[in-house]
Amino acid sequence: MAAPPLLLLAALLLLLPAAARPAPARVFSVADYGAAGDGSRYDTAAIQAAVDACAAAGGGRVLLPAPGDYLTATVRLRSGVVLDVAPGARLLGGTRQRDYPPESRRWYVVLAENTTGAGVTGGGEINGQGGAFVVTPSAQKNIMVSWNATGDCLGDECRPRLVGFINSKDVAVHDITLNQPALWCLHLVRCDNSVIRNVSIYGDFNTPNNDGIDIEDSNNTIITDCHIDTGDDAICPKSSTGPVYNLTATNCWIRTKSCAIKFGSASFFNFEKLLFDNITIVDSHRGLGMQIRDGGNVSDVTFSNIKMRTRYYHPSWWGRAEPIYITTCPRHPDSKEGTISDVRFINISSVSENGVFLAGSKHGLLRNLKFQNVDLTYKRWTNYTGGLYDYRPGCQKMVKHRTGGMMLEHISGLEVDNVRMRWSRGSLEGWDVNPLLFRPSTIDGLSFHDWQSLDVQ
């Protein structure tokens, strides 16, 4: 009987000369560089020394051994260096402004800039100590620290992120827990060829702007087998200085007080060739969303095999419980209007407190949308006020409106194939209970095949 392929490969490797065999990655323990790991003394110098030594040796792993709590200011990764936080170890982000560089764009606990082959792994935890940034706790929405005095940033988003890769290639983040970010959790900026796998993200559910994964101006990205439970947007492609293309997200579980998957609202450049497949969304304010506000265009996007449950939260959070929310409109009266085209929703099921919201604008149409094998169940179980459509940011903001199964405006080409709308009438007080709401003058190219609207108990 022939040897199994893996055994055969192992045998062949043993026959190779020693010089031809892959060398094991070198390991640099931060303990060897003086890290205390007691959670009270700063270990920044020891961790950075291990990173620099690892890079000088040609790359490898920088180990934070367990047990240990390693308090640090910003740590800068280098090319070829993978930060390895062992199970039972934690890297704790400092909570003082002086723990971070002068420029707010570099405010990260872990930062890799202009690197190739840098990453984070290990099975342990990176913790931003986000609770220390809460000024006033609130079940509605926390009031957060803002370091506006720097003059380098403004508003309530002036606080540090957790992990960032900027202008980097071959990024690898896997088998790690990212916990309690003060602002965004994992941020890719102008990166290429990134893999994010088996990452667990936990943010305070009442903290604004603690996004899960932000993919900004970055391309050829894979996100798989991730668990995201946070207050703000969970997976969020943004195009601020360049396009976003070839993004795939699969096999993820998401809960958020904002939008589970959201394009924008920073949308100055195009989004192309994105796939979201086999995703579960639980008790989120929105499910699948696009907020195109700055003139960029969206094309060739597929959402498939997605189950979700969306509900109302306080209206201070963007969203009104829409399972699907696709919008384009100008952020300001003089802003350019982008278009959204060739978007497919395949094998989708939802239970939601609001209907599907598809709203283009006069010069930013929605084109060629397809719904295939979609099951939408509508019911109410919270006490928040309905009858509102939320266009924020910008545009018309909050608008009083009848609530229906689908609201349509400024669309050219919508195909509906095997779609079921199910109405739990006993819990729909205040609804129009109308399957479709639209102004005919703004719509053309509608196609309905095997579409039903049904009452359920």
Side-chain angles (χ1 to χ4, degrees), residues 138-144 146 154-157 159 181 183-185 203-216 228-240 254-268 271 281-294 296 298 303 308-332 335 338 340 350 352-361 364 366 382 384-401 403 407 409:
S138 170
Q140 176 180 316
K141 182 186 283 188
N142 291 336
I143 298 174
M144 305 299 294
S146 182
L154 299 172
D156 63 355
E157 298 182 37
R159 54 189 190 272
L183 191 69
W184 295 355
C185 190
D204 186 281
F205 206 58
N206 299 323
T207 292
N209 308 117
N210 61 353
D211 295 12
I213 305 173
D214 289 278
I215 308 98
E216 188 168 6
I228 305 174
D229 191 342
T230 193
D232 223 301
D233 302 321
I235 299 177
C236 191
K238 297 176 179 289
S239 62
S240 301
I254 295 171
R255 184 180 78 125
T256 168
K257 226 173 189 176
S258 196
C259 194
I261 298 169
K262 189 188 85 174
F263 290 46
S265 66
S267 50
F268 296 90
F271 302 82
I281 299 167
V282 177
D283 283 344
S284 294
H285 210 167
R286 277 190 178 128
L288 314 176
M290 296 185 186
Q291 294 177 331
I292 306 306
R293 300 291 183 267
D294 307 302
V298 177
F303 299 96
M308 62 183 130
R309 175 182 170 102
T310 60
R311 50 155 291 179
Y312 286 115
Y313 290 98
H314 191 275
S316 61
W317 297 86
W318 290 350
R320 301 306 299 147
E322 307 95 339
I324 297 171
Y325 174 87
I326 308 299
T327 64
T328 176
C329 58
R331 187 183 299 272
H332 308 293
S335 296
I340 297 174
S350 71
S352 303
E353 289 197 284
N354 205 348
V356 171
F357 187 84
L358 306 176
S361 54
L366 310 186
T382 72
Y384 293 102
T385 301
L388 292 170
Y389 283 150
D390 186 356
Y391 290 84
R392 296 174 295 178
C395 312
Q396 304 176 57
K397 299 184 179 179
M398 297 281 275
V399 177
K400 290 185 178 181
H401 205 291
T403 302
M407 196 287 282
E409 60 185 21

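Given the structure is predicted, the values throughout are model-derived calculations rather than measurements.
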Go through Cys395 and Cys329 one step at a time and tell me if the disulfide bond (SG atoms under 2.5 Å apart) criterion holds. CA-CA 6 Å; Cys395 312; Cys329 58; 1.9 Å; yes
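- Checking each of Thr207, Asn210, Asn206 against Lys257 for a side-chain hydrogen bond (donor to acceptor under 3.5 Å, both in side chains) leaves exactly one that passes, namely Asn206.
- Once rounded to the nearest 0.5 Å, the distance linking CG of Asp211 with NZ of Lys238 reads 6.0 Å.
- Using cut-offs of 30° and 60° on the angle between ring planes, the pair Phe271 and Phe263 is tilted.
- Within the 4.5 Å cutoff, the side chain of Ser284 has no heavy atoms near those of the Met308 side chain.
- Relative to the six-membered ring of Phe205, Arg255 meets both conditions, a distance below 6.0 Å and an angle of at most 45° to the axis.
- Pairs engaging residues 281-291 under the salt bridge (Lys or Arg N to Asp or Glu O under 4.0 Å) rule: Asp283-Arg309, Arg286-Glu322, Arg286-Asp390 [sequence neighbours left out].
- Tyr312 is listed as a side-chain neighbour of Arg320, based on a closest heavy-atom distance under 4.5 Å.
- A side-chain N or O of Arg293 and one of Thr327 form a donor-acceptor pair less than 3.5 Å apart.
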Working note: Tyr391 + Phe357, criterion ring-ring contact (aromatic ring centres under 6.0 Å, His included); need CA distance, chi angles, decisive distance, verdict. CA-CA 10 Å; Tyr391 290 84; Phe357 187 84; 5.2 Å; yes
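- Residue pairs meeting the salt bridge (Lys or Arg N to Asp or Glu O under 4.0 Å) criterion with at least one partner in residues 258-267, sequence neighbours excluded, are Asp233-Lys262.
- Expressed to the nearest 0.5 Å, how far CD1 of Ile326 lies from CG of Leu288 amounts to 7.0 Å.
- When Arg331, Met290, Arg392 are each tested for a side chain to side chain contact (heavy atoms under 4.5 Å, CB included) with Ser265, only one passes: Arg331.
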